[in-house]
Enquirer: 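I'd like to ask some things about the structure below.
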Amino acid sequence: MATPAFTFTPSTFQKLHPAEFFRRFTTEGVRPDGRLLDAFRPTTVHHGVISTANGSAMVRIGGTTVVCGVKAEVAEPKLDAPDQGYLVPNVELSPMCSSKFRPGPPSEQAQAVSEAINRVLKESKVLDLKDLCIEEGKAVWVLYVDAVCVAYDGNIFDAALAAIMAALNNVRIRKPTYQEGTIKVSGGSTATDENSFTLKLARTPLSATFAIFDTTLTILADPNVTEETISDGQISIALDETGQLCGVTKIGAASCSQSAMKDCVQSAKKRTQQLRNIMNQQ
Amino acid sequence: MAADRKRVAGPESSVAPLVEYPIDYQSWTPFTEKRHDSHRQPEDLRPIYLKTGLISEANGSAYIELEKTKLTCGVYGPRPVKRAGQGFSDKGTLNCEIKFATFSCVKRRGTMRDAQEKELSQILSQGLTPAVRLELFPKSNVDIYITVLESDGWGSCIAAAFTVASVALAHAGIEMLDLVAGCSASYIPTSIPSSSTSESTSASSEGTGAGSITPQIFMDADLEEEKFQQGSIVLAYMPSLNQTTHVLQTGKAEGAIISQSVEHCVEACNKIFAVMNHALLESIDQK
């Protein structure tokens, strides 16, 4: 007698065996959302979206939306760096963007992403902090760069880094005058090149993230939230406009071969070039 | 500001620079008989852009833009209450949390929720709870999270929060008695107080409680206009049921002015209701 066959609707199968459901797609070379394994989701970049900020940008990669705003304030410099300003990037993952995040202090993931982006910006010397000096030893600019995730669908690192770089490019700060311990800027008339300055960025690192699956030895570009949850690890590769590596961040417990890593770097080069074109167009 | 060990740290304290306006700079005043945005009349609201479905992970979401005021809202629920040990409740609960992004106001805001945001969250809960059918989801909770990306006027922010939260709740499919539309109005004096003004000024200035000049009602005032306001009112209103769920009045105004402004707000809420319906119908077409 034939054994009875178990059949499920696709959505039930996805809930019961997510990894197996996924494998059925990847063996055919596609993903459940129809993308090829190395395809990135459609990306848009908008500059200058928040008028109360010194610089701002909004980046959308598929369903992940990040809005970044830069506010410039004045502070005393550190004693051991009297002519250097501060660059303070932070990524906010609020409970609004996904049910994965609980209200309260930043989650581990938010802290990890903020720290990773901070490392990329500091170690690849994106901004010369001496440019932010107003009066040596007395007053310097602090740039608070806050990236708020409005909607979360995986790959927060790429979206946040792109939003931060686009916002830094968009920054315009009024020229300050130092007078007996107070910093004054001119108000009123529109900001022009005479009364304000923009930031000189030495390089613009942008990144590409890949999800690694140990058991099937597959690498997926730009994972969405379901793929992120079932993946074994992720690797993010940041490159600047000359194709030089600015940072490699690997999270999770997955291992991947050297040739796979090289393929990732090649793919990242193409993707960051595409991202740069999108950023410069708008 | 307490040291926040969980974020990338900046300097211990920082200040915004002092803004010095040139001597010949003419900033807007209400005494010019025109609004800050010269295309608007005192009874005109700012054009509203309302869209649903921007947050795929949320059960319901909406985004509202009133020119320079931008808010996003995500609704999650009904979901089970975490602490079941609090006893059985035959009605669900509504939890609202509003957060201003650090870059949303002219002066940078802190990253932790301050007292103002906590108060606003309470106001929102109070204004939305009467409209939601809480008895349909016992032992459950609906979470409403609002992020203000840019703020141009305190009253308009609160009013927009009511509007966007209602649309997001409807988008999430949570049963409600009616949508809640929010609207704000400010009382702004438009004539310069001087001795050459009519006798009524000097007579009423001796009285208590009455303003020396009859202020004009400006609907949906923006930040520049709010600097001159004597008082303001924010109304949360259910248009189909013709019931008010929340009134927030600050400052001073005569009783007649307040009644008049409530009427104006109700009219404005009816117009906003049409925009909310349109946005929700569009979202059904999209699905």
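Naming convention: chains lettered A, B, ... in sequence-line order (proteins, then strands); numbering from 1 in each chain. Values below: all heavy atoms of this structure, side chains included; hydrogens, waters and symmetry mates excluded.
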Enquirer: Quick check: closest heavy atoms across A/Met96 and B/Gly74, and the distance to 0.1 Å?
Expert: CG-N, 3.8 Å

Enquirer: Under the 3.5 angstrom rule, does the side chain of B/Lys6 hit a backbone N or O of A/Glu108 as a donor-acceptor pair?
Expert: no

Enquirer: Which atoms of A/Pro77 are under 4.5 Å from chain B, going by heavy atoms: the side chain, the backbone, both sets, or neither?
Expert: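 For A/Pro77, neither part sits under 4.5 Å from chain B.
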
Enquirer: For A/Lys122, I'd like to know if atom NZ has over 12 heavy atoms of other residues, nucleotides or ligands within 6.0 Å.
Expert: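 Correct, the count exceeds 12.
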
Enquirer: In terms of heavy-atom proximity below 4.5 Å to chain B, should A/Val142 be classed as side chain, backbone, both, or neither?
Expert: side chain

Enquirer: Quick one: what part of A/Val49 sits under 4.5 Å from any heavy atom of chain B, side chain, backbone, both or neither?
Expert: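 A/Val49 touches chain B through backbone heavy atoms alone.
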
Enquirer: Between B/Lys99 and A/Ser94, is there a side-chain heavy-atom distance shorter than 4.5 Å?
Expert: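 SC-SC contact between A/Ser94 and B/Lys99 ruled out.
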
Enquirer: At a heavy-atom separation under 4.5 Å, does B/Ser151 approach chain A through its side chain, its backbone, both, or neither?
Expert: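 Looking at B/Ser151, just its backbone touches chain A.
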
Enquirer: Ignoring hydrogens and geometry, is there a side-chain-to-backbone donor-acceptor pair from B/Tyr76 to A/Ser98 under 3.5 Å?
Expert: yes

Enquirer: Non-hydrogen atoms of chain B under 4.5 Å away: do they reach the side chain of A/Pro95, the backbone, both or neither?
Expert: both

Enquirer: Using non-hydrogen atoms and a 4.5 Å limit, figure out which bit of A/Asn118 sits close to chain B: side chain, backbone, both or neither.
Expert: side chain

Enquirer: Select one option (side chain, backbone, both, neither) describing which atoms of A/Lys71 are under 4.5 Å from chain B's heavy atoms.
Expert: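 Answer is side chain: those atoms of A/Lys71 sit under 4.5 Å from chain B.
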
Enquirer: Atom CG of B/Asp143 and atom OG of A/Ser99: how far apart are they, to the nearest 0.5 Å?
Expert: 10.0 Å

Enquirer: Between the main-chain N or O of A/Ile50 and the side-chain N or O of B/Lys70, is there a donor-acceptor pair closer than 3.5 Å?
Expert: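 Checked: no pair found.
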
Enquirer: Determine whether B/Ser56 and A/Tyr152 make a side-chain contact, defined as any pair of heavy atoms from C-beta on separated by less than 4.5 Å.
Expert: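 Contact flag for B/Ser56/A/Tyr152 side chains = no.
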
Enquirer: Between B/Pro17 and A/Tyr178, is there a side-chain heavy-atom distance shorter than 4.5 Å?
Expert: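 With C-beta onward as the side chain, the pair stays apart.
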
Enquirer: Chain B: which of A/Thr182, A/Ile183, A/Val74, A/Val88 shares the most heavy-atom pairs with it under 4.5 Å?
Expert: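 Top count of heavy-atom pairs under 4.5 Å with chain B: A/Val74.
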
Enquirer: So how far is it from A/Cys68 SG to B/Phe103 CZ, rounded to the nearest 0.5 Å?
Expert: 7.0 Å

Enquirer: Does any part of the side chain of B/Pro11, heavy atoms only, come nearer than 4.5 Å to the side chain of A/Glu76, both counted from C-beta?
Expert: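 Counting from C-beta outward, A/Glu76 and B/Pro11 never come under 4.5 Å.
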
Enquirer: Strictly distance-based, threshold 3.5 Å: is any side-chain N or O of A/Thr52 a donor or acceptor partner for the main-chain N or O of B/Ser104?
Expert: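 Looks like yes, one N/O pair under 3.5 Å.
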
Enquirer: Tell me which of these, B/Thr147, B/Asp152, B/Ile146, has more heavy-atom pairs under 4.5 Å with chain A than the rest.
Expert: B/Thr147

Enquirer: Which is it for A/Tyr144 and B/Ser14 under the side-chain hydrogen bond (donor to acceptor under 3.5 Å, both in side chains) test, yes or no, and what are the steps along the way?
Expert: CA-CA 10 Å; A/Tyr144 291 103; B/Ser14 60; 2.8 Å; yes

Enquirer: Tell me if the NZ atom of A/Lys175 is crowded by more than 12 foreign heavy atoms within 6.0 Å.
Expert: yes

Enquirer: Chain B: which of A/Glu73, A/Gln111, A/Lys100 shares the most heavy-atom pairs with it under 4.5 Å?
Expert: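 Among A/Glu73, A/Gln111, A/Lys100, the one with the most close pairs to chain B is A/Glu73.
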
Enquirer: So which part of A/Arg102 gets closer than 4.5 Å to some heavy atom of chain B, the side chain, the backbone, both or neither?
Expert: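 For A/Arg102, side-chain heavy atoms alone lie under 4.5 Å from chain B.
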
Enquirer: Report yes or no: does B/Glu57 contribute a side-chain atom to a donor-acceptor pair with the main-chain N or O of A/Ala151 at less than 3.5 Å?
Expert: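 No; judged by distance alone, with no hydrogens or angles, the pair does not exist.
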
Enquirer: Could you tell me which portion of B/Arg79 (side chain, backbone, both or neither) has an atom closer than 4.5 angstrom to a non-hydrogen atom of chain A?
Expert: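 Looking at B/Arg79, just its side chain touches chain A.
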
Enquirer: Looking at A/Asp146, A/Val148, A/Val67, A/Leu87, which has the largest count of heavy-atom pairs under 4.5 Å with chain B?
Expert: A/Asp146

Enquirer: Rounded to the nearest 0.5 Å, what separation is found between the OG1 atom of A/Thr64 and the CD1 atom of B/Ile55?
Expert: 11.5 Å

Enquirer: Is B/Arg7 salt-bridged to A/Glu92, cutoff N-O under 4.0 Å?
Expert: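 Between A/Glu92 and B/Arg7 there is a salt bridge, with a charged N closer than 4.0 Å to a carboxylate O.
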
Enquirer: Would you mind telling me which of A/Gly63, A/Ser56, A/Ser186 has the largest number of heavy-atom pairs within less than 4.5 Å of chain B?
Expert: A/Ser186

